[in-house]
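As structure tokens, the structure follows; a few thoughts come after it.
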There are 4 protein chains.
Amino acid sequence: MAPGARRHDPGRRQRIIDAATRVVEARGIAGLSHRSVAAEADVPLGSTTYHFATLDELLVATLRQANEAHVPRLVLRDGEDLAGALARLLGERLTAERGRVELEYELYLAALRRPALRPVAARWCEDVDRALEPYADPATARALVAVLDGIGLRVLLTDTPYDEAGAREALGRILTGGRPGGRPGS
Amino acid sequence: MAPGARRHDPGRRQRIIDAATRVVEARGIAGLSHRSVAAEADVPLGSTTYHFATLDELLVATLRQANEAHVPRLVLRDGEDLAGALARLLGERLTAERGRVELEYELYLAALRRPALRPVAARWCEDVDRALEPYADPATARALVAVLDGIGLRVLLTDTPYDEAGAREALGRILTGGRPGGRPGS
Amino acid sequence: MAPGARRHDPGRRQRIIDAATRVVEARGIAGLSHRSVAAEADVPLGSTTYHFATLDELLVATLRQANEAHVPRLVLRDGEDLAGALARLLGERLTAERGRVELEYELYLAALRRPALRPVAARWCEDVDRALEPYADPATARALVAVLDGIGLRVLLTDTPYDEAGAREALGRILTGGRPGGRPGS
Amino acid sequence: MAPGARRHDPGRRQRIIDAATRVVEARGIAGLSHRSVAAEADVPLGSTTYHFATLDELLVATLRQANEAHVPRLVLRDGEDLAGALARLLGERLTAERGRVELEYELYLAALRRPALRPVAARWCEDVDRALEPYADPATARALVAVLDGIGLRVLLTDTPYDEAGAREALGRILTGGRPGGRPGS
DNA sequence: AATGAATGAGCATTCATTCAT
DNA sequence: TATGAATGAATGCTCATTCAT
């Protein structure tokens with residue numbers, strides 16, 4: 001690169017975030033460093049520390065972007081109920097988009113030890129809740145998300161095959177277990 | 001330590017595992033290194049690599065021990081149903097034993113990126129399933145665990161207060177949603 | 001292995017040398033350690049230090065054995081002169097036995113920095129000289145060996161293809177350059 | 001060194017190479033480490049890994065520099081033929097410059113196990129060839145170099161005294177063995 | 001505003017060797 | 001006689017961060 005080239009590069013910040021996403025997907029958060037992301041983004045090392053003073057800052061931006069990009073396309077097929085659709089979607093994600101799902105969970109779970117990520121993780125959960133609100137009251141939506149997370153994590157963490165029928169059954173119970181159209185919890 | 005002291009120390013391996021547990025609880029897996037665990041256990045650095053050639057080996061042993069130590073004391077109180085007891089227990093763990101729960105989840109979740117941990121994580125899940133089997137059929141037990149994990153993680157990851165009533169309601173739906181004593185899923 | 005098994009194991013020393021040969025062939029002298037050879041030979045670590053107090057001792061034994069095993073089968077084919085046979089043999093060794101040749105050269109060249117290996121290296125050279133003595137006087141034999149070593153090393157060290165015609169020509173000049181059947185040098 | 005001292009030090013890279021040369025000459029490649037070269041060059045440890053990310057990189061630079069520094073001063077004395085001059089030069093180098101010659105050979109021979117060094121080793125050979133081309137055709141030059149290397153190595157590796165007369169005879173045969181000014185090989 | 005150079009701390013791991021048995 | 005346990009030193013390497021430009 002010629003000296004002075006790309007002095008004003010408005011897309012650089014974004015390119016760094018995209019590179020961080022790729023690095024985390026390929027090597028995990030443990031493999032994310034100013035160096036690895038600079039190499040992946042093909043920018044100078046100093047550029048990454050300039051735009052993101054700490055790695056936590058970069059992680060926050062990466063999780064936020066993963067959040068925004070992840071729009072669950074919940075569409076019920078003919079003769080399919082909500083439980084069936086959610087169970088099918090989870091299965092599709094666990095197979096066709098396994099890498100992406102691992103990336104999302106890794107970023108989300110990182111909040112366990114990094115308080116800076118908690119607000120973004122909270123926002124993530126709320127967005128997923130909201131995607132279910134056309135179909136269920138808020139408390140039920142939260143319960144559905146809990147089931148989906150619990151089942152999905154178990155599959156990812158234990159190399160256990162995904163049991164779609166079991167998932168549909170569990171989700172169905174959440175949906176029909178209370179009063180019809182019930183409003184559990186708060 | 002005087003040279004030559006403690007050359008024969010049969011409890012050393014165990015002491016290293018205990019030290020690793022304390023290190024992970026205090027500083028997270030990211031803070032676990034051969035050095036940090038050697039200092040915490042007050043053993044020479046070489047001793048940690050002798051007993052655990054890689055950090056993964058040490059993590060496996062630590063997770064395994066956490067698993068064995070964690071005997072959920074599921075006791076139903078007077079007038080309490082299973083859902084209520086589980087919701088209460090989860091709440092107790094999320095407050096009184098928060099550090100311990102974070103430790104357990106961190107070790108368990110680490111399996112996402114460390115295949116070596118997967119068998120131990122699977123064993124963990126099965127043990128928890130088994131603890132519930134006196135009260136529910138296997139598929140229901142798995143669904144209950146999924147709900148507990150999903151809700152617990154959300155509390156830990158988002159700094160959200162624990163909603164015990166909501167948890168009890170969701171667990172209750174899993175338990176009563178199907179036929180009585182139903183056998184969902186496979 | 002049952003405790004106490006193989007307490008008297010007369011072949012163990014030999015097995016360690018064989019293992020060292022395989023280790024050096026696969027990973028180079030830099031990859032040879034008491035540990036690596038113990039693992040390759042499937043003997044306890046202490047056994048290697050017991051039979052060979054230092055790595056140099058083990059290297060000496062390994063080089064000596066490589067020397068003894070290496071009997072150049074110099075057979076002239078119909079219509080082939082000595083230069084042609086040597087050039088052909090070198091070519092065969094550089095292709096079909098490349099790993100073996102690299103091993104031999106690595107052990108031989110190690111004498112540059114390890115005086116303990118020098119006598120064995122000298123012995124090696126003399127043995128090769130002797131194999132040529134039916135065909136050439138001692139000084140000519142030494143000159144032939146020098147040419148073979150110089151050409152062979154260049155091929156090994158520079159990833160250059162072997163030029164068999166050039167080698168035959170050079171060897172031929174050594175053989176016919178002086179008086180017929182000449183006795184150069186000392 | 002005072003903190004902050006010598007933050008800008010343009011000659012540092014070169015000083016590290018020089019230090020590596022001294023370390024290899026004194027202790028061999030096996031004695032070359034980031035630490036040993038940092039100490040010899042009186043620079044911080046991190047500085048060596050900054051300028052040479054791997055030891056191979058440092059070795060390449062060191063061999064390249066040794067190559068450039070080594071300009072064989074081939075000058076024929078009165079009444080001396082090429083074979084005599086080469087034999088004399090080899091003898092001089094094997095006595096007066098023994099350490100230097102060992103250094104050069106060790107770097108050159110290291111290419112056997114370090115592919116990264118091969119291109120530089122090849123360059124080395126070509127440069128030596130070229131130095132002989134005023135006096136001999138290319139194939140003859142290569143043959144002369146092979147003889148010199150073969151003889152030189154044998155002296156270095158076996159603690160055998162150098163036989164200058166034998167060397168002159170062998171070199172002479174290479175030079176006069178073919179047609180006058182012959183073009184052996186390809 | 002942006003970045004290359006620099007550095008000290010830390011890392012996992014390997015190792016030769018020692019020693020008690 | 002053999003060997004498992006143990007250990008301190010060393011290695012290559014990565015890194016976040018600082019700083020002068």
Side-chain angles (χ1 to χ4, degrees), chain A residues 1 3-9 12 30-39 43-56 58, chain B residues 1 3-10 12-13 30-38 43-58, chain C residues 1 3-9 12 30-39 43-56 58, chain D residues 1 3-10 12-13 30-38 43-58:
Chain A
M1 169 175 21
R6 244 190 321 207
R7 283 308 281 259
H8 195 56
D9 180 354
R12 174 159 294 188
L32 183 72
S33 69
H34 283 127
R35 276 163 176 74
S36 60
V37 80
V43 300
L45 169 59
S47 190
T48 62
T49 59
Y50 177 75
H51 287 286
F52 302 93
T54 70
L55 280 184
D56 266 16
L58 178 53
Chain B
M1 170 175 14
R6 234 181 340 202
R7 280 307 284 254
H8 191 56
D9 180 355
R12 172 158 299 187
R13 198 188 135 92
L32 182 73
S33 70
H34 282 126
R35 276 161 179 77
S36 61
V37 79
V43 300
L45 170 58
S47 191
T48 63
T49 60
Y50 176 75
H51 288 286
F52 303 94
T54 68
L55 276 188
D56 265 16
E57 262 179 52
L58 178 53
Chain C
M1 168 177 20
R6 243 191 316 211
R7 281 309 280 261
H8 195 56
D9 180 355
R12 173 159 296 189
L32 184 74
S33 69
H34 283 126
R35 276 163 176 75
S36 60
V37 81
V43 299
L45 169 59
S47 190
T48 63
T49 60
Y50 177 75
H51 287 285
F52 302 93
T54 71
L55 281 184
D56 265 16
L58 178 52
Chain D
M1 167 173 18
R6 236 185 334 203
R7 282 304 287 252
H8 191 57
D9 180 355
R12 174 158 297 187
R13 197 186 134 91
L32 183 73
S33 70
H34 282 125
R35 277 160 180 79
S36 60
V37 80
V43 300
L45 170 58
S47 191
T48 62
T49 61
Y50 175 76
H51 287 287
F52 303 94
T54 68
L55 275 188
D56 266 16
E57 261 178 52
L58 178 54

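Every chain is numbered from 1 and lettered A, B, ... according to where its sequence line falls, protein lines coming before strand lines.
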Fill in the blank from the handout: Applying the Watson-Crick and G-U criteria (both distances under 3.5 angstrom) with [ ] for crossing and | for other-strand pairs, one obtains for DNA chain E .||||||||||||||||||||
Exercise for the section: Determine the minimum heavy-atom distance between A:Gly31 and A:Ser36, stating which atoms define it. Expected result: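 Between these two residues, the closest heavy atoms are O-OG, 3.0 Å.
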Practice task
Identify the two heavy atoms, one from D:Arg13 and one from D:Phe52, that lie closest to each other, and give their separation to 0.1 Å.
Solution key: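 Looking at all heavy atoms of both residues, the closest pair is NH1-CE2, 3.5 Å.
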Heteroatom pairs (N/O) under 3.5 angstrom, protein to nucleotides 12-14 of chain F:
| unit_1 | atom_1 | unit_2 | atom_2 | d |
| --- | --- | --- | --- | --- |
| F:dG12 | OP1 | D:Leu32 | O | 3.4 |
| F:dG12 | OP2 | D:His34 | N | 3.1 |
| F:dG12 | N7 | D:Arg35 | NH1 | 2.9 |
| F:dG12 | O6 | D:Arg35 | NH2 | 3.1 |
| F:dC13 | OP2 | D:Leu55 | N | 3.2 |

Practice task
Starting from P on E:dA12, measure out to CG on B:Leu58 and report it in whole angstrom.
Solution key: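 For the pair B:Leu58 CG and E:dA12 P, the rounded distance is 10 Å.
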Exercise for the section: For A:Thr49, enumerate each residue passing the side-chain hydrogen bond (donor to acceptor under 3.5 Å, both in side chains) test, keeping only those at least two apart in sequence or located in another chain. Expected result: none
Problem - Between NE2 on residue D:His34 and OG on residue D:Ser47, distance to nearest 0.5 Å - result: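 That separation rounds to 10.5 Å.
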Establish, with yes or no, whether the OP1 or OP2 oxygen of [N] is under 4.0 angstrom from a side-chain nitrogen or oxygen of [X].
{"X": "B:His51", "N": "F:dA6", "value": "yes"}
{"X": "C:Ser47", "N": "F:dT3", "value": "yes"}
{"X": "B:Arg13", "N": "F:dA6", "value": "no"}

Exercise for the section: Check for a donor-acceptor pair, side chain of A:Thr48 on one end and backbone N or O of A:Ala38 on the other, with a separation under 3.5 Å. Expected result: no
Problem - A:Val37 vs A:Leu58 side-chain heavy atoms within contact, under 4.5 Å - result: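 Yes; the side chains approach each other to less than 4.5 Å.
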